[in-house]
Protein chains: 2
Amino acid sequence: MRSEDIAKLAGVSRSTVSRVINNYSNVPEATRAKVLQVIEQYQYEPNSFARALAGKRTDTIGLFAISMNEKENATRIYQNSYFAPIVDLVVDTANARGFYVLIHTVYSPGDFQKIKQAFLQKRIDGGILVGTQKDIELVRELVSQEAPLVLIDYDISEIMAERLNKNHLAVINSMDYEGTVEAIEYLIQLGHREIGIIKGRMNTFSGRERNMAYENTLQKHGLPLVEDFILEGDFLKETAYREAARLALGGKLPTALFSSNDDMAISAMEAFSEHGISVPDQLSIIGFDDVQLAARISPKLTSVKLPIDDMAKAAVEKVIGLCNAEEPTFSTVSFPARLVIRDSCKPAGN
Amino acid sequence: MRSEDIAKLAGVSRSTVSRVINNYSNVPEATRAKVLQVIEQYQYEPNSFARALAGKRTDTIGLFAISMNEKENATRIYQNSYFAPIVDLVVDTANARGFYVLIHTVYSPGDFQKIKQAFLQKRIDGGILVGTQKDIELVRELVSQEAPLVLIDYDISEIMAERLNKNHLAVINSMDYEGTVEAIEYLIQLGHREIGIIKGRMNTFSGRERNMAYENTLQKHGLPLVEDFILEGDFLKETAYREAARLALGGKLPTALFSSNDDMAISAMEAFSEHGISVPDQLSIIGFDDVQLAARISPKLTSVKLPIDDMAKAAVEKVIGLCNAEEPTFSTVSFPARLVIRDSCKPAGN
DNA sequence: CTGAAAGCGCTTACAG
DNA sequence: CTGAAAGCGCTTACAG
């Protein structure tokens, strides 16, 4: 069934059928009704490729998760507590707005080609990019394509600043710096003076922000950065577990630990528990992200809530906006990240 | 940049360019090389819509998650431990095979229309459907469209049996019945005679299978089905928590409990713990699915491992196979589900 | 208000 | 081995 068939059946031309489908105003109600009736009756659906080829939009947006340079088992990206909610909200929000979403994961530069293709082949109207920015070069390539693009968790200053206003581009971030400050000051207020950190991946905007806020806040309050209490991490639980175990065996413990995300905080708690270190009695812990699991473990984890839902929703609204925009626009939004206090912290020294 | 431009640049016709792109054999190596060189140089990508319109495939498969009739907060479908791994494996497997994947969630009949459209509008070559089969009518509608379709966790007997071999269709299941039998017999072997169940959603194939296996196995071993120990559930943690709390307050406890999935088992454990009932000392628990969390809680949950990864991978291979198949074919596969023994069960009566 | 016609960018018999 | 031409199913100036 093609528009031609509908036209014949309704006794009009293909042009008119097209006008009805596209909701043009210059069609008399009677004609419109007749055409719609036939369309309805035959369950006609215009071929999306023909429409797109003739200049219409694809009504599809891309969601691309970059996961390069991670361990082999990083294959489980969508089970990750960071990506899963993004997929969730992006799909739902886009669907609700009448868009399909095309998903592709980037594990290798080859995969990255596929997402460039998705744009070049005009499979999508616009895309959302989320992931580490280690491969910022590739991201820049994408930006330079000038297609509607939204970046989640990227450092604006690193993205071809000179071109920013020539693009249909938006960047969505969370206020990780402020959230971390709130967490560290909460600990300080509880009397902690020896505060450690499990760092996140440094090729990530949020990883750097959280670390910088940690360092700056300690310094601001005249507290020392003690090397033994600074654990290298990569946002993954395995590393955090190993590092926490090492700390536990090292003998000297901080009285509080800020973990750059919940996954690592929870693994560290497991490690401490196995080494007979009690949280929060001997060691207070704060995580970041506030994943579902945070409130389900014992003790319940105090954590900085990442506004991931808001970010994902905003990302979709932004791409759609960018797809509709005539002029190139660049914009950036940051959503606040607030501390959620639960049971994993105690006043120091008792 | 269109194929015409490439043709001019390479000094050949569009036909030849097309032949090169589609890897036809009747192009001399020299010509092919020349064309490829130009394509490479200009980073040309054929427009996917034009190709599709001219009869080529879309190289896109659909992944549709049905989540109708669930609570409002079911919005979090992709964070669900059942769907998340499916998304993961489907996307990865499809991407690795050179396919894009289009995702759409079905919360309402309206959404269901969108997925029918995805087929009718020829946006995808084939699709994978997963979710409750309460709305089997809608699924049948889809099946009758004759497009390549793979169903995960559906009761074959309910799907238009008469048409089965006229379709490009495949059904992928897990051997939940056998897995549940293994779990129940393990409990019986541990000496348990009072074994309860938290039921899953009965509009789900796996929900019914798990329940039936539970009942049959008890009966086979001459054990009674005691009503107080049969808790209604729906695979969601809230309900399980409530039911478990009710059981705890009821006074009379079974000595073992089979939960139709891990999410519910874990929530029940929380409820029991809060009511001072110790697992496994006072009550043994077995879950189903073997989600990541199962091995991370304490005590570690004994569970029947759902071969969800295998199922998801197989689903992708199947759709791709169906897309390539000339003749309609129907096939069905079931993957074994085996018991993984951890720490949440103890011998009865000590 | 409406139809005939051109065009979107490919692929694929067809003819040579 | 290769090009000219028709066709895939739409949309959209253009003319009336």
Side-chain angles (χ1 to χ4, degrees), chain A residues 1-36 38-39 42-60 100 117-125 147 323-324 326, chain B residues 1-36 38-39 42-60 117-125 147 323 326:
Chain A
M1 181 104 338
R2 301 154 308 139
S3 72
E4 173 104 50
D5 304 318
I6 299 295
K8 257 179 216 148
L9 258 14
V12 298
S13 71
R14 276 148 70 215
S15 313
T16 299
V17 171
S18 180
R19 289 187 187 104
V20 169
I21 288 171
N22 292 297
N23 241 295
Y24 285 13
S25 53
N26 52 355
V27 180
E29 224 11 88
T31 314
R32 178 185 304 280
K34 190 174 51 184
V35 174
L36 282 177
V38 178
I39 289 179
Y42 290 87
Q43 294 230 56
Y44 164 72
E45 288 291 341
N47 180 303
S48 60
F49 293 108
R51 300 192 79 185
L53 190 55
K56 281 292 179 182
R57 303 197 315 196
T58 66
D59 293 329
T60 304
Y100 289 95
Q117 276 180 28
F119 281 100
L120 257 20
Q121 296 178 344
K122 300 277 190 297
R123 288 176 180 272
I124 52 180
D125 294 331
C323 294
N324 295 329
E326 298 293 316
Chain B
M1 180 103 340
R2 301 154 309 141
S3 71
E4 172 104 50
D5 304 318
I6 300 295
K8 257 179 216 147
L9 258 14
V12 297
S13 72
R14 275 147 73 215
S15 314
T16 298
V17 171
S18 179
R19 289 189 186 102
V20 170
I21 288 170
N22 291 297
N23 240 295
Y24 287 11
S25 54
N26 53 355
V27 180
E29 223 14 84
T31 315
R32 178 185 304 279
K34 188 172 53 183
V35 174
L36 281 177
V38 178
I39 288 179
Y42 290 86
Q43 295 230 54
Y44 165 72
E45 287 291 340
N47 180 305
S48 61
F49 294 107
R51 301 192 80 186
L53 190 56
K56 282 292 179 186
R57 303 196 318 196
T58 65
D59 293 328
T60 303
Q117 277 180 29
F119 281 99
L120 290 171
Q121 296 178 343
K122 301 275 191 294
R123 287 175 181 273
I124 52 181
D125 294 331
C323 293
E326 297 292 317

Discussion item. Measuring only the C1' atom in each nucleotide, how far is D:dG16 from D:dT12? A whole number of Å is fine.
Written reply: 16 Å
Worksheet item: Can you tell me how far CD1 of B:I124 sits from OG1 of B:T60, rounded to the nearest 0.5 angstrom?
Response: 8.5 Å
Worksheet item: Mind pulling the stems DNA chain D is in, i.e. runs of at least three Watson-Crick or G-U pairs, everything under 3.5 Å?
Response: C:1-3 with D:14-16, C:5-12 with D:5-12, C:14-16 with D:1-3
Practice prompt. Output yes when a side-chain donor or acceptor of B:D125 lies under 3.5 Å from a complementary backbone atom of B:T58, and no otherwise.
Written response: yes
Fill in: A:P28 side chain, from C-beta outward: closest of C:dT2, C:dG3, D:dT2
C:dT2
Discussion item. Salt bridge or not between A:D5 and A:R2? Use side-chain N to carboxylate O under 4.0 Å.
Written reply: yes
Fill in: Side chain to side chain, B:E4 and B:L9, heavy atoms closer than 4.5 Å
no
Discussion item. Going by side chain to side chain contact (heavy atoms under 4.5 Å, CB included), name the residues that satisfy it together with B:L120, two or more places apart in sequence or in a different chain.
Written reply: A:E45, B:Q145
Worksheet item: Which residues pass the side chain to side chain contact (heavy atoms under 4.5 Å, CB included) test with B:N26, sequence neighbours left out?
Response: B:R19, B:Y24
Discussion item. Any base atoms under 4.0 Å from B:S48, or only sugar-phosphate, or nothing? Heavy atoms, all strands.
Written reply: nothing
Worksheet entry | Under the side chain to side chain contact (heavy atoms under 4.5 Å, CB included) test, residues paired with A:A50 that sit two or more places apart | A:N47, B:L53
Side-chain donor-acceptor contacts of residues 11-18 of chain A below 3.5 Å, not counting sequence neighbours, with atom names and distances?
{"unit_1": "A:S13", "atom_1": "OG", "unit_2": "A:S15", "atom_2": "N", "d": "3.3"}
{"unit_1": "A:S13", "atom_1": "OG", "unit_2": "A:T16", "atom_2": "N", "d": "3.4"}
{"unit_1": "A:S18", "atom_1": "OG", "unit_2": "A:N22", "atom_2": "ND2", "d": "3.4"}

Worksheet item: Taking protein heavy atoms under 4.0 Å as touching, what does nucleotides 9-16 of chain C look like 5' to 3' if B marks base contact, S marks sugar-phosphate-only contact and - marks none?
Response: BBBBB---
